Student: 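Below you'll find the structure I mean.
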Amino acid sequence: MCIRDSLSNAMKFTEKGSITIFAKKQAEKLCIGVRDTGLGIKEEDKGRLFTAFGKIDTGEHLRMNSQGIGLGLVISNSLAKLLGAEQIQFDSTFGKGSTFFLELPLKEGNQLVTSQKPENEVQWHKHDCSCRRILAVDDNEYNLKVLQSMLNRLHIESEKAYNGLDALRMLQTAATRLSSCQGKECGRYSLVITDLEMPKMNGLELLQEHKALVSTGSLVAI
């Protein structure tokens with residue numbers, strides 16, 4: 001989660017240039033982190049980063065991260081300490097980019113033993129339609145890519161929407177084709193995985209609007 005949070009922040013605040021994930025051994029420690037060429041952090045704002053609800057909510061930071069509340073780094077820093085790091089460290093220059101990293105102690109372990117497991121252990125419950133697709137809804141492109149990659153490995157079809165309003169339109173379109181459902185062509189969604197905070201329409205509003213418009217069906221939402 002520590003690296004995922006740093007990567008998510010890098011993607012939010014980097015509009016051009018590059019984002020690099022790195023890992024290297026230094027003495028008896030593993031240094032792992034994320035480096036970007038994004039917005040960077042002003043000197044006067046650096047003291048707020050590891051303070052609960054210490055979100056930088058001015059200027060370009062607010063424009064690029066309107067949804068955050070300032071808890072991600074606080075939680076990640078606590079997890080880093082539980083893993084043995086002193087804390088998440090960073091180096092940042094406003095207008096040039098940032099590097100966030102942690103140093104974890106390396107300990108000698110036992111030989112890794114792996115076991116053979118079936119590639120696909122997911123079992124779908126029997127349904128009145130052979131259509132088994134998932135609709136993923138999130139305004140964070142990185143989250144959608146990770147989720148769809150996981151679903152693809154399980155051979156599960158999925159589609160994506162970037163806000164609740166677009167997702168609602170997709171659900172309505174799918175609902176109109178249920179009467180002529182014939183395999184994958186019916187377009188039915190068996191499951192919706194949605195974020196909560198999104199622009200235009202949030203996750204709760206999406207489910208409420210869908211429930212009001214569709215009185216039948218067995219759509220499951222997470």
Side-chain angles (χ1 to χ4, degrees), residues 1-117 119 136 138-154 193 195-197:
M1 179 177 176
C2 301
I3 299 304
R4 184 187 67 181
D5 185 70
S6 295
L7 182 58
S8 177
N9 286 335
M11 295 183 69
K12 290 177 185 176
F13 296 111
T14 304
E15 294 184 328
K16 61 181 180 179
S18 63
I19 298 173
T20 304
I21 302 175
F22 62 88
K24 56 185 178 181
K25 181 180 179 182
Q26 293 181 332
E28 299 303 317
K29 293 184 178 181
L30 172 66
C31 178
I32 181 169
V34 178
R35 181 184 302 110
D36 66 65
T37 58
L39 181 61
I41 305 166
K42 295 180 179 179
E43 289 296 327
E44 58 267 31
D45 290 328
K46 291 181 178 180
R48 304 169 58 181
L49 293 183
F50 298 102
T51 302
F53 304 105
K55 175 187 174 183
I56 303 173
D57 55 2
T58 57
E60 288 295 287
H61 280 96
L62 181 59
R63 180 182 69 81
M64 294 179 171
N65 184 28
S66 60
Q67 300 293 321
I69 60 175
L71 285 176
L73 272 175
V74 177
I75 297 172
S76 292
N77 198 42
S78 297
L79 290 174
K81 292 178 180 179
L82 289 175
L83 291 171
E86 293 184 7
Q87 68 172 44
I88 294 179
Q89 302 180 59
F90 72 97
D91 179 41
S92 183
T93 301
F94 186 70
K96 293 186 177 181
S98 303
T99 300
F100 283 81
F101 63 96
L102 63 155
E103 295 180 338
L104 301 173
L106 292 175
K107 296 180 180 180
E108 184 176 350
N110 297 324
Q111 183 178 359
L112 181 63
V113 178
T114 60
S115 60
Q116 295 281 335
K117 291 186 177 181
E119 292 184 2
D138 201 316
D139 59 326
N140 188 308
E141 175 72 18
Y142 170 71
N143 291 345
L144 287 174
K145 285 182 178 179
V146 171
L147 177 57
Q148 288 196 294
S149 176
M150 294 170 63
L151 294 173
N152 287 339
R153 292 180 63 183
L154 296 173
I193 302 178
D195 187 23
L196 181 60
E197 293 187 5

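The figures here come from the full heavy-atom set of this structure, side chains too, leaving out hydrogens, waters and symmetry mates. Note that the structure is a prediction, hence the values are computed from the model and not measured.
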Student: When you compare the side chain of Ile32 with that of Ile3, does any pair of heavy atoms fall below 4.5 Å?
Tutor: yes
Student: With a sphere of 6.0 Å drawn around NZ of Lys46, does it hold more than 12 non-hydrogen atoms of other residues, nucleotides or ligands?
Tutor: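 Counting neighbours around NZ of Lys46, more than 12 heavy atoms of other residues, nucleotides or ligands fall under 6.0 Å, so yes.
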Student: Is a side-chain N or O of Asp36 found less than 3.5 angstrom from the main chain of Ser98, in a donor-acceptor match?
Tutor: yes
Student: Work out which heavy atom in Arg35 is nearest to a heavy atom in Thr99; give both atom names and the distance.
Tutor: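 Closest approach of Arg35 to Thr99, heavy atoms only: CG-OG1, 3.3 Å.
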Student: Quick one, Asp195 and Asn143 - any side-chain contact, counting heavy atoms below 4.5 Å?
Tutor: no
Student: What is the minimum heavy-atom distance between Gly40 and Phe94, and which atoms define it?
Tutor: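 Between these two residues, the closest heavy atoms are O-CD1, 3.7 Å.
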Student: Can you give each donor-acceptor pair under 3.5 Å made by side-chain atoms of residues 69-91, sequence neighbours left out, with the distance rounded to 0.1 Å?
Tutor:
| from | atom 1 | to | atom 2 | distance (Å) |
| --- | --- | --- | --- | --- |
| Ser76 | OG | Gly72 | O | 3.1 |
| Asn77 | OD1 | Ile88 | N | 2.7 |
| Ser78 | OG | Val74 | O | 3.2 |

Student: Strictly below 4.0 Å, N to O, side chains only: are Arg48 and Asp45 in salt-bridge contact?
Tutor: yes
Student: For Asn140 and Lys12, work out which heavy atoms get closest and say how close.
Tutor: ND2-CE, 4.4 Å
Student: Drop me the distance from Lys96's NZ to Leu39's CG, to the nearest 0.5 angstrom.
Tutor: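 If I round to the nearest 0.5 Å, the distance is 14.0 Å.
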Student: Would you say that Tyr142 contacts Leu7 through its side chain, given a criterion of any heavy-atom pair below 4.5 Å between the two side chains?
Tutor: yes
Student: With a 4.5 Å cut-off on side-chain heavy atoms, are Ser8 and Arg4 touching?
Tutor: no
Student: Just jot down the side chain to side chain contact (heavy atoms under 4.5 Å, CB included) partners of Lys145, sequence neighbours excluded, or say none.
Tutor: Glu141
Student: Going by atom type alone, with no hydrogens or angles, which donor-acceptor pairs under 3.5 Å involve a side-chain atom of residues 21-28 and a protein atom two or more places apart or on another chain?
Tutor:
none

Student: Measuring from Leu102:CG to Cys31:SG, what's the distance to the nearest 0.5 Å?
Tutor: 7.5 Å
Student: Hey, what do you get for CG (Leu30) to CG (Leu104), rounding to the nearest 0.5 Å?
Tutor: 6.0 Å
Student: Is there a donor-acceptor pair under 3.5 Å between the side chain of Ser92 and the backbone N or O of Ile41?
Tutor: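 Checked: pair present.
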